[in-house]
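These notes are about the structure you will find just below.
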Amino acid sequence: MNDPELQALLDAIAVHGKTAKGGLNRLAASREEGAARDELGAWLRAREFGIRVDSVGNLFATLELAGKDAPWVLTGSHLDSQPHGGRFDGAYGVIGACVAADRIRRTSAGGFRRNLAVVSWTNEEGARFAPSLLGSGVYAGQYEAAFARSRSDAAGITLGEALQAIGYSGSDQGPADPACYVELHIEQGPALERAGATIGVVEGNWGTVKFIVRFEGRAAHTGPTAMAERRDALLAAGHAIVACRALSDRTGGALLSSVGRLDIAPNSTNIVAGSVDLYAEFRAIDPAMLEGACAAFERAAAEAAEVAGVALSITRPTDRPAGTFDPSMRALIEAEAKRKGYRSLRLDTVAGHDAIQLRRRCPSAMIFVPSAAGISHNEEEFTLSEDLAAGVDVLEGVLRSLLSAAT
Ligand SMILES: [Zn+2]
């Protein structure tokens, strides 16, 4: 069944940063994301939510259902997107949570033992500011706020400055006493669709390690410079890219590997590349397989540097271990899906999510809905209206249970 209220709010927020192909270009703390926050904030204020914004721009929409000293149930996701992302990744989890929370506000007779906050976490994607999962990482205690605010984009603008410019550099604190966190999200993979299931109960996440490999050679004219004298940083990068792929092939695809970005200097057609920053990542559910691949990649990068006669330095900015979500919350989601007549499937997430950060601070869980053909981080990203409605329906029931739970 469709949910007109959910659909209307999704459509209204998707206007901000909308691309010609119906996707989204709404980078963290951009003008477009500021406009999306403003629009959502107006919707929330009109419905008696309190609004708090912390120093890294995390936006908390609060409903004090059990008095100010009661612990908090948190739910939400993120409003930022990849440069040519889809309109459901992140935004659905924030907007769906707003709709579910508002229904609870309107239709409950009280008697809750916990308060409720819907959160929009800052810079989940990491497309404009690295690392990803930054706002939730600050709330969960992984990063200092000052570190997060000092991250800068390709133009040298810091997150702190960008938040200031859109009016979301706040001085509030998020709830100090979170009881638990539940995040609604599109699957971004094909498992639910293939299984004919509507609700994904996320058991755990794959481990992820990201590397930034810097090859430092010497910029030189591509004409007069003899081949033997070239110290070509891009040649080294080429070898490293092939090695990165080969590590996955050796596992038959159980290990996922990718190089998605190269920063080449000076990046000119007739200059031998002087330096290259290469961004590589590895993901696996098995920690030993992941660690083995990381060690092998570091060796391969060293060999690549030697072949090209360039210097090498490696940093490992992201190291997200595999882990599992709270078993009792998973059981609650599964039971709620069954009670409401939706077919559910247990699965793992390969992608990173704010819920993985939140797990450091409180019991956390995730609810997935299907992604058509598993396509995501792409303007073609799509989820059927009835699946979107089903996810919000299950989230609402789960939240009601969590709000009533003894603490
Ligand atoms: Zn997301």
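Whatever order the structure lists ligands and atoms in, that order sets their numbers, starting from 1. Bear in mind that the values here come from a model prediction, so they are computed numbers and not experimental data.
Donor-acceptor pairing under 3.5 Å is lacking for the side chains of Ser275 and Asp277.
Using bins of under 30°, 30° to 60° and over 60° for the plane-to-plane angle, the ring pair Phe211/Phe282 lands in the perpendicular bin.
Counting only protein atoms, the N, O or S atoms lying less than 2.8 Å from the Zn ion (ligand 1) are His78 NE2, Asp89 OD1, His185 NE2, ordered by chain and residue number.
Put simply, the side chain of Ser376 never gets that close to the backbone of Glu381: no donor and acceptor are under 3.5 Å apart. Proximity of a side-chain donor or acceptor of Tyr92 to a complementary backbone N or O of Leu388 within less than 3.5 Å is detected.
Considering Arg26, Glu32, Glu33, Glu39 in turn, Glu39 is the only one that fulfils the side chain to side chain donor-acceptor pair (under 3.5 Å) rule with His16. Looking at Asn58, Asp354, Asp89, Asn123 one by one, the single match for side chain to side chain donor-acceptor pair (under 3.5 Å) with His78 turns out to be Asp89.
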